Amino acid sequence: MAAPGYVSQLGTVLRQALAQLVRAPSHSRRAEAARHWAKRSLAFGALTALVVVALMFLLDAYEIGLMPPRGTAGLWPLRIVTDFGKSEYVLWALFGLLIVILLLAPRLRGLSQAIWLSVGTRVQYIFLSVGLAVLLGELLKGTIGRGRPFVGGAANAFNFSHFAWSEIYASFPSGHATTSFALAFAVAALWPKLRWPMVTYAVIICSSRLVLLAHHPSDVVAGGLLGWIVAMGVRYWFAARHLAFIIRPGGRIDPLPGPSAAHVKRVARTAFAP
């Protein structure tokens, strides 16, 4: 049974972790950052919307006709790969990591605890970026009700059943694309050196959805845009509260220097020590 002191400290850590997310924004350059985010989001969103419409008319039906039949036995490796972009797996993994960080935090003191909690703040950012993007994506899927490739038997890019809330009419936007691009943006925002590995991961996940006939090209483009914009918005929310990010003059948001891998490993050994 946990000691009363531990339980009390655990509650304090949890309250502080949640309170920092909802406290009033205090960064002096938050208005600049908001304008910067809005301009980029609107510009990129408008461009992507044009691409999505063009894909629907010009490429979607043609592309799915080039793919191997659904259920082709030789595609089993892709069925494994595509699961790395499944929202349930990504979110449960991140949630589990948050729980581990929370449970071990009361075992630490001083600088070690501060380092551990700073890691927790960064995981919070990634979790919320993916979680909010997925939630919004699910609302759009059910509302728009676009049929998945070959639902109805034909390569019809305009097969819609609005407000169907059915798995076969949940093609737009792609949930895997939303998840993978939100995760890719969030990780790269915190650790810029990982930008290209994360972009590669997201592109592979999106490509697997096309080959497996789970989505049309416009679905994955729209899903990628959704994940990108939501993760960018959550980054602004954190930066405006001096959490994990700093706002530069002009509104650009950069990651705050975090603990090194060596520091985190050393603190983790202390936290796990009996």
Side-chain angles (χ1 to χ4, degrees), residues 44-45 47-94 126 129-131 133-134 136-138 140-141 144 146-152 154-159 167-189 191-232:
F44 194 65
L47 176 62
T48 306
L50 292 175
V51 172
V52 167
V53 172
L55 289 173
M56 284 183 171
F57 280 96
L58 302 176
L59 185 63
D60 279 2
Y62 175 74
E63 184 275 337
I64 62 175
L66 299 177
M67 296 299 104
R70 187 179 279 114
T72 299
L75 296 179
W76 66 266
L78 273 184
R79 296 189 187 96
I80 296 174
V81 169
T82 202
D83 279 346
F84 285 92
K86 196 175 181 67
S87 60
E88 293 93 328
Y89 297 165
V90 172
L91 287 171
W92 276 113
L94 291 170
I126 300 172
S129 294
V130 176
V134 168
L136 184 54
E138 289 301 311
L140 290 173
K141 279 173 176 283
I144 295 170
R146 188 186 194 188
R148 293 189 184 274
F150 296 112
V151 166
N156 181 7
F158 297 94
N159 180 16
E167 181 58 28
I168 63 173
Y169 284 98
S171 192
F172 186 95
S174 164
H176 283 66
T178 300
T179 299
S180 60
F181 267 93
L183 180 63
F185 182 95
V187 171
W191 299 286
K193 290 183 179 179
L194 296 178
R195 177 180 294 113
W196 289 113
M198 292 308 299
V199 169
T200 301
Y201 151 78
V203 169
I204 290 173
I205 295 299
C206 290
S207 300
S208 72
R209 304 309 288 165
L210 298 178
V211 177
L212 293 172
L213 286 177
H215 290 285
H216 305 87
S218 58
D219 299 331
V220 300
V221 172
L225 170 68
L226 177 62
W228 184 86
I229 287 180
V230 171
M232 194 176 179

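These figures come from a predicted structure and were not determined experimentally. For the single chain, residues carry numbers from 1 onward in sequence order.
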Quick one: does any side-chain atom of Asn159 pair with a main-chain N or O of Val151 as donor and acceptor, under 3.5 Å? yes
Please check if the side chain of Ser208 supplies one atom and the backbone of Ile205 the other of a donor-acceptor pair under 3.5 Å. yes
Which label fits Phe185 and Trp228: parallel for a plane angle under 30°, tilted from 30 to 60°, or perpendicular past 60°? perpendicular
Rounded to the nearest 0.5 Å, the CG atom of Asp60 sits from the CG atom of Asn156 at a distance of 10.5 Å
Is a side-chain N or O of Ser218 found less than 3.5 angstrom from the main chain of Val52, in a donor-acceptor match? no
Ignoring hydrogens, what is the shortest heavy-atom contact between Ala155 and Ala61? Give both atom names and the distance. O-CB, 3.3 Å
Tell me if a side-chain donor or acceptor on Ser180 pairs with a main-chain N or O of His176 at a distance below 3.5 Å. yes
Minimum-distance pair of heavy atoms, taken over all atoms of Ala182 and Ser129: CB-O, 4.0 Å
Check whether more than 12 heavy atoms from other residues, nucleotides or ligands sit under 6.0 Å from atom CH2 of Trp191, and answer yes or no. yes
Thr72 side-chain N/O to Leu75 backbone N/O, donor-acceptor pair under 3.5 Å: no
Could you state the interatomic distance from OG1 (Thr179) to OH (Tyr89), rounded to the nearest 0.5 Å? 12.5 Å
Separation between CD1 (Ile64) and CG (Leu59), nearest 0.5 Å, reads 10.0 Å
Flag yes if more than 12 heavy atoms outside Arg195 fall under 6.0 Å of its CZ atom; otherwise flag no. no
Once rounded to the nearest 0.5 Å, what's the spacing between atom OG of Ser174 and atom NE2 of His215? 3.5 Å
Would you say that Pro149 contacts Met67 through its side chain, given a criterion of any heavy-atom pair below 4.5 Å between the two side chains? no
For the residue pair Leu210 and Pro217, establish whether any side-chain heavy-atom pair is separated by less than 4.5 Å. yes
Check whether any side-chain N or O of Arg70 sits under 3.5 Å from a backbone N or O of Leu213 as a donor-acceptor pair, and report yes or no. yes
Test item: Arg148 side-chain N/O and Glu167 main-chain N/O as donor-acceptor pair under 3.5 Å: yes
Minimum side-chain heavy-atom gap Leu212-Arg79 below 4.5 Å: yes
With respect to Phe172, which candidate in Met56, Lys141, His216 satisfies the side chain to side chain contact (heavy atoms under 4.5 Å, CB included) definition? Met56
Does the Tyr201 side chain pair with the main chain of Phe84, one donor and one acceptor, at a distance under 3.5 Å? yes
One should read off an interatomic distance between Trp92 CH2 and Leu94 CG, to the nearest 0.5 angstrom, of 12.0 Å
To the nearest 0.5 Å, what is the distance between CG on Leu183 and OG1 on Thr178? 12.0 Å
Least distance between heavy atoms, Leu226 atom then Pro173 atom: CD2-CG, 4.1 Å
Testing the basics here: between Gly224 and Ala177, what is the closest heavy-atom pair and its distance to 0.1 Å? N-CB, 3.8 Å
